[in-house]
Amino acid sequence: MSARPPIRVLLADDHTLVRRGVRLILDGEPDLTVVAEAGDGAEAVAAALATGVDLAVLDVAMPRMTGLQAARELSRRLPGLRILILTMYDNEQYFFEALKAGACGYVLKSVADRDLVEACRAAVRDEPFIYPGAERALVRSYLDRMDRGGGLPERPITEREEEILKLVAEGHTSKEIGELLFISAKTVERHRANLLQKLGVRDRLELTRYAIRAGLIEP
């Protein structure tokens, strides 16, 4: 009986040293192999579409497109792909956003050497994985929210507005954003005006501060 081929992994993180360390962990296992790497979310989507991977491990905060944005795109385009979020943020909001984006696991970088291999194997078995210390707090928070009739937290802006907010905060002009997203500069300006109104802010500096708080870019 032939052995099962190793799980083909895409690894996306904008820090080369982090990718190198995570790759060492995964490639050290006989049933896991990193076959593609990406430095941002857009590269991750392109690599997953081109390579035919089984599992994508995505950092949250990356340039151009975050790991959560990439997860949403990959879930739409490759529904059979398993997705893990690897992050430094021990944050309930990100966890729920990751689940809504289609991820089946959430692993902290600080304990990646302990949890990541198990999380990869669980993801391919189609089992959810969250880091052990978070389970009680997350369940309690969810139950409290249900008691108040609240359900899951809602995102205040649309996915398209989130994409534009991130690119504005990274310093791109409306023309550059339009070229990246294949829309007109005028459409970008309209979305930007909507963002200012929705978020109650006045200018690009305040939009950037919001993007940092939302984890779309790193400070």
Side-chain angles (χ1 to χ4, degrees), residues 1-63 65-75 77-139 142 215 218:
M1 184 175 173
S2 60
R4 184 177 297 177
I7 298 160
R8 294 158 53 84
V9 181
L10 161 68
L11 179 57
D13 193 296
D14 57 322
H15 294 102
T16 305
L17 285 175
V18 173
R19 287 206 310 273
R20 191 175 299 162
V22 173
R23 182 166 195 151
L24 282 171
I25 294 171
L26 297 181
D27 281 347
E29 300 296 322
D31 57 334
L32 299 168
T33 180
V34 177
V35 296
E37 293 188 25
D40 63 49
E43 283 182 13
V45 171
L49 291 170
T51 314
V53 293
D54 306 305
L55 172 68
V57 179
L58 309 173
D59 183 28
V60 169
M62 294 188 287
M65 181 186 281
T66 69
L68 295 176
Q69 290 171 333
R72 290 185 207 119
E73 182 73 8
L74 288 170
S75 293
R77 300 180 70 174
L78 296 171
L81 179 67
R82 300 291 177 252
I83 300 169
L84 286 177
I85 298 296
L86 179 64
T87 178
M88 68 175 68
Y89 301 110
D90 184 355
N91 182 299
E92 174 195 331
Q93 180 70 29
Y94 289 149
F95 171 74
F96 284 123
E97 287 290 341
L99 294 184
K100 287 197 285 184
C104 55
Y106 190 90
V107 181
L108 291 181
K109 288 182 180 179
S110 58
V111 290
D113 57 334
R114 183 193 73 195
D115 289 349
L116 184 57
V117 169
E118 181 187 343
C120 289
R121 290 170 179 156
V124 173
R125 293 194 303 266
D126 204 18
E127 297 172 3
F129 181 92
I130 59 171
Y131 55 102
E135 290 165 346
R136 190 175 301 169
L138 287 168
V139 171
Y142 177 78
E218 293 182 324

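Each residue takes its place number in the sequence, starting with 1. This structure is a prediction, so every number in the text was calculated from the model and none was measured.
Applying the salt bridge (charged side-chain N to carboxylate O under 4.0 Å, His left out) test to Arg77 and every residue at least two apart in sequence or in another chain returns Glu73. Every residue meeting the salt bridge (charged side-chain N to carboxylate O under 4.0 Å, His left out) condition with Asp27, not counting sequence neighbours, appears here in chain and number order: Arg23. Here Ala98 pairs with Leu68, Ile85, Ala103, Tyr106 under the side-chain contact (heavy atoms from CB on, under 4.5 Å) rule; sequence neighbours left out. Listed by chain and number, the residues in a salt bridge (charged side-chain N to carboxylate O under 4.0 Å, His left out) with Glu29 are Arg121 (sequence neighbours excluded). Judged as a salt bridge (charged side-chain N to carboxylate O under 4.0 Å, His left out), and not counting sequence neighbours, the contacts of Asp40 are Arg64.
No side-chain heavy atom of Leu32 sits less than 4.5 Å from a side-chain heavy atom of Ile25. Contact annotation: the side chain of Val22 never approaches that of Asp13 to less than 4.5 Å [non-hydrogen atoms, C-beta and beyond]. Residues Ile7 and Cys120 have side chains not in contact (no heavy-atom distance under 4.5 Å, counting atoms from C-beta outward).
Here the CG atom belonging to Leu78 is positioned 10.5 Å from the CG atom belonging to Leu10, to the nearest 0.5 angstrom.
Between Ala44 and Ala38, the closest heavy-atom pair is N-CB, 3.4 Å.
Partner of Arg72 under the side-chain contact (heavy atoms from CB on, under 4.5 Å) criterion, out of Glu97, Lys100, Met65: Glu97 alone.
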Could you list the donor-acceptor pairs under 3.5 angstrom formed by side chains in residues 45-63, with sequence neighbours left out?
unit_1, atom_1, unit_2, atom_2, d
Thr51, OG1, Ala47, O, 2.6
Asp54, OD2, Arg8, N, 2.7
Asp59, OD1, Lys109, NZ, 3.3

